[in-house]
Q: 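Take a look at this one; I'll ask things after.
Because only heavy atoms are used, hydrogens play no part in the values below, and waters and symmetry mates are left out as well, while side chains stay in. So that the names make sense, note that chain A is the first sequence line, chain B the second, and so on, each numbered from 1.
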Amino acid sequence: MEQAVEQRAVPSLPRLGMPAPPFQAETTHGTIRLEDFKGSWLILFSHPADFTPVCTTEFLAFAQIAPELKKRNVELMGLSIDSTYSHIAWVRNIEEKFKVKIPFPVIADLNKEVAGLYGMIMPGESKTETSRCVFLIDPNGIVRAMIYYPLTTGRNMDEILRVIDALQTTDKHGVATPANWRPGDKVIVPAPKTAEAAEERVKAGYECTDWYFCKREVPK
Amino acid sequence: MACINVDGTLVASARKLLLTMLEPITVEEAAKRAELPLFRVRASLREFLQAGFVSEAKGSYVLTDAGRARLAGRG
């Protein structure tokens with residue numbers, strides 16, 4: 001018996017170092033395209049649902065770090081599988097109850113189009129809600145970092161800011177950043193790729209523990 | 001359309017942005033003058049172009065007669 005083979009186009013999920021999937025979406029700030037953020041960093045994040053407590057704490061926290069992000073040329077955009085009306089009502093409720101204005105747009109992804117493109121729905125957790133995903137997209141539209149949190153765990157804004165600082169330091173100085181790095185800490189000089197470069201590295205005046213492990217300072 | 005209220009008037013941010021376009025202006029300069037993020041300006045410009053409120057030439061945007069009329073509350 002001939003077996004029918006169902007063929008479905010499987011979208012390629014975002015990958016680090018690759019262009020972020022383009023989209024056009026309805027938001028609380030009107031119709032926005034990914035390309036509108038060209039020239040700025042973008043933190044695209046999803047939350048499970050409007051009018052839920054953990055998500056509310058996260059929106060308050062994102063609003064709180066928004067000025068710091070602005071200084072770093074970073075924009076924010078939220079997303080959930082809710083309507084624009086729900087988003088507007090929730091954002092207004094946050095302003096009324098918590099006295100905090102939400103300054104960033106929120107995508108109303110009722111048809112799950114953007115959530116699907118970015119793999120924000122984790123069917124093992126929920127088939128109807130997006131998990132707490134964070135995509136850091138650089139000014140050229142390249143995905144530079146992805147962080148996923150489960151439905152039950154609110155995000156750490158310090159870490160999101162830290163990753164932005166680390167990525168921008170990497171881009172500016174051509175270096176890497178060690179574990180738990182914070183702005184002002186020494187950075188890692190990328191390991192040399194040849195024996196000759198290794199020889200030269202230890203004489204180059206860096207703070208080296210060995211030829212592959214050298215640090216240096218960068219302006220904060 | 002996000003830039004126009006149901007009564008046909010412009011929302012505040014759209015008015016502020018259109019006012020920067022009395023003379024030809026780049027997206028970046030308009031964003032600076034209107035104190036709006038670049039993404040908001042780009043999204044609004046799409047609507048303005050579609051509505052015929054502005055025209056684009058060589059990367060600069062300027063109000064059309066329809067745009068001026070709308071700003072004056074006549075459009």
Q: For the CD atom on A:E113, are there more than 12 heavy atoms of other groups (residues, nucleotides or ligands in this structure) within a distance under 6.0 Å?
A: no

Q: Using side-chain heavy atoms (C-beta onward) and a distance below 4.5 Å, is B:R42 in contact with A:K38?
A: yes

Q: Do B:P37 and A:F37 have side chains that get closer than 4.5 Å, going by heavy atoms?
A: no

Q: Take atom OH of A:Y148 as the centre, draw a 6.0 Å sphere, and report whether it contains more than 12 heavy atoms from other residues, nucleotides or ligands.
A: yes

Q: Taking everything shown except A:R72 itself, do over 12 heavy atoms lie less than 6.0 Å from its CZ?
A: yes

Q: For B:K16, does the NZ atom have more than 12 heavy-atom neighbours from other residues, nucleotides or ligands under 6.0 Å away?
A: yes

Q: Which one, B:E28, B:R46, B:R40, leads in non-hydrogen pairs under 4.5 Å with chain A?
A: B:R46

Q: Taking atom CD as the centre, does A:E95 end up with more than 12 heavy-atom neighbours from other residues, nucleotides or ligands that are less than 6.0 angstrom away?
A: yes

Q: To the closest 0.5 Å, what do you measure between CZ (B:F39) and CE (A:M77)?
A: 7.5 Å

Q: Hey, does A:E75 have a side-chain heavy atom less than 4.5 Å from the side chain of B:L38?
A: no

Q: Show the nearest heavy-atom pair for residues B:A43 and A:T31, with the distance to one decimal.
A: CB-O, 3.4 Å

